[in-house]
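The figures here come from the full heavy-atom set of this structure, side chains too, leaving out hydrogens, waters and symmetry mates.
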Amino acid sequence: MRRNVRKNPTIVLVVVLLSSLSLPITLTGASVALPDIAADLQADLPAVQWVVNGYIAAFASFMLATGSLADMVGRRRVFGTGVSVFAAAGVLSALSWNVVVLDVLRVLAGIGGAAAAASSAAILASAFSGRARIRAFSFFGTALGVGLAFGPTVAGLLIEGFGWRAVFAGPAVVSIVVLCLVPSLPESREPGSRKVDWAGTATFTLALLLLIAGFVQGPAWDWSSPAVLGAFAGSLVLLVTFVVVERRQAQPMFDLGLLRNGRFIGISLAGAVIVSVPLPLIVYLPAYFTKVLDMSSGEAGVTLVLLTGLTLLLPPVAPLVTRIIPPQGVVVLAVALVGVGAAWLTVIEPGASVLSIAGPLLTIGAGFGIATGLIDGVAIGSVDPARAGTGAGMFNTVRLAIETIAIAVTGAVLATMTDGRLAEPGYTSGLHVVLWWMAGLSLALAAVLVRVLLSPFKAPVLSPAAADRDPAGPGRRPGWRAGTGRSTGNRSRRIP
């Protein structure tokens, strides 16, 4: 790996942390601003939903591709390009006069955000080593937590003070500052790195976008309309095409062989469920708070801290919990907590007080927060170390994709039951339907995970012939590297 190590590590850390703060704030901020955007731009619900769905779908689809591109052409170059696109899209979003233009700009912002996020961790790794690297990544995780935890509050205050356009202008200004500091970053690349799987990226992205389009437009166009049915059918065809393409790729975007690893699949589904309960609520609860509970935008943002705040406080506690409960047990506990919290949140109704919903919001937030960071290490520890990079990419992409679908499905249910208005009558009933489905799926998965993740793990027993072929040699346990005195078997590794 070629590195330029003459850069100031402190500046590198500041640049990456500022960028990491902007990415979650623009998502949570847009969620709080949706009612104001709809009113100001005279847009219907499906059009406004794309402000959030377009951003997160593009972010999920391009993470792997931009990460591979960064390895090939340089992490600083891709980071700078991503921040530039994100900043430009943010400035233009703040100036948007039409909801369709705003939707397109949010998709571009998602692509830029994916490029920045995919390369920032590698930039930190190239600038720090040893204990300094551990501290740098802890700050990195904290910045993401702060952005997610306080994004709704910041957005609510910005909306009350300057209007919804400030939600996009604020992160854009921060990104412009970051862009000015990009020359201070070290450049690094992997000359022998894998090529970008453009065919896999294209088919996966289009399949995800068509699926989301079907859910978003279904309530407005009618679920049985040719356009909606065509979107679902096209998504299915593209998904099958994606699998065929990946099976024929020398360097695929997804290593489909990992689908035979039951533990990896279980942890991936757990990670998806843990984010697929709170994230749709972060998107749609602000509208309920303002339209049904008569809160201001600022009050709605502050109330959402009950749901998001623990993502900042609990990750440092997770290592202490693992001294009592194994990491896999913490994952199961997190899934159960978000399920119980979702069922409990069905107490929400017109006239509900903040105190009455504080318990369920904190319970969901506890499940979300205790698993943040920890579950990445558990997922990567379930695959062979030689496939850790591929496993990390698959885990994060699957998690983001299912999270995106969950937001779209939640919006579709609420739009159908409120006739596209996100208001009473129907909003409370629709929210209860969504919450019961979230609870049922979470608790069912938790029950399955008890068997999949907490059952004793047994290494495969090799036949005598296979043992002779094993690199460790006959008589040694599989995975033991001769002459090194250490095991090469699965090890838990935290991926920020």
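Aromatic ring pairs are classed by plane angle as parallel below 30°, tilted from 30° to 60° and perpendicular above 60°; the pair F215 and F232 is perpendicular.
Of the possible polar contacts, one joining the S120 side chain to the A117 backbone as a donor-acceptor pair under 3.5 Å is found. Of the possible polar contacts, none joining the E403 side chain to the V275 backbone as a donor-acceptor pair under 3.5 Å is found. With hydrogens and angles ignored, the 3.5 Å screen pairs a side-chain donor or acceptor of T66 with a backbone N or O of M63. Within the 3.5 Å criterion, the main-chain N or O of L238 finds no donor-acceptor partner in the side chain of T203. In this structure, S235 contributes its side chain and A231 its backbone to no donor-acceptor pair below 3.5 Å. Remark: side-chain polar atoms of R399 are not paired, donor with acceptor, to backbone N or O of G271 under 3.5 angstrom. With T290 contributing its side chain and A287 its backbone, the two residues share a donor-acceptor pair below 3.5 Å. The closest donor-acceptor contact from the side chain of T363 to the backbone of G359 lies under 3.5 Å. With hydrogens and angles disregarded, no donor-acceptor distance shorter than 3.5 Å links the side chain of D40 to the backbone of D36.
Legend: ring-ring contact (aromatic ring centres under 6.0 Å, His included) pairs involving residues 57-100, not counting sequence neighbours: none detected.
With contacts defined as side-chain heavy-atom distances shorter than 4.5 Å, the pair T428/Y288 qualifies. With a 4.5 Å cut-off on side-chain heavy atoms, V335 and I274 count as touching. The shortest side-chain heavy-atom distance between V51 and D103 falls under the 4.5 Å cut-off.
Closest approach of R75 to S119, counting heavy atoms only: O-CB, 3.6 Å. Closest approach of L23 and Y55 over heavy atoms only: O-OH, 3.3 Å.
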Check the pair R165, S96 against side-chain hydrogen bond (donor to acceptor under 3.5 Å, both in side chains), reporting the backbone distance first and the verdict last.
CA-CA 8 Å; R165 298 176 187 275; S96 294; 5.6 Å; no
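Across I402, V338, L281, a single residue satisfies side-chain contact (heavy atoms from CB on, under 4.5 Å) together with S276, and that is I402. With P171 as the fixed residue, the side-chain contact (heavy atoms from CB on, under 4.5 Å) test singles out one of L18, L21, I25, I176: I25. In summary, of the residues considered (T410, V413, L414), a side-chain contact (heavy atoms from CB on, under 4.5 Å) with V433 occurs for V413 alone.
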Under 3.5 Å, side-chain donor or acceptor atoms of residues 342-354 against the rest of the protein: list the pairs with distances, not counting sequence neighbours.
residue, atom, partner, partner atom, Å
T346, OG1, A343, O, 2.6
S353, OG, S356, N, 3.2

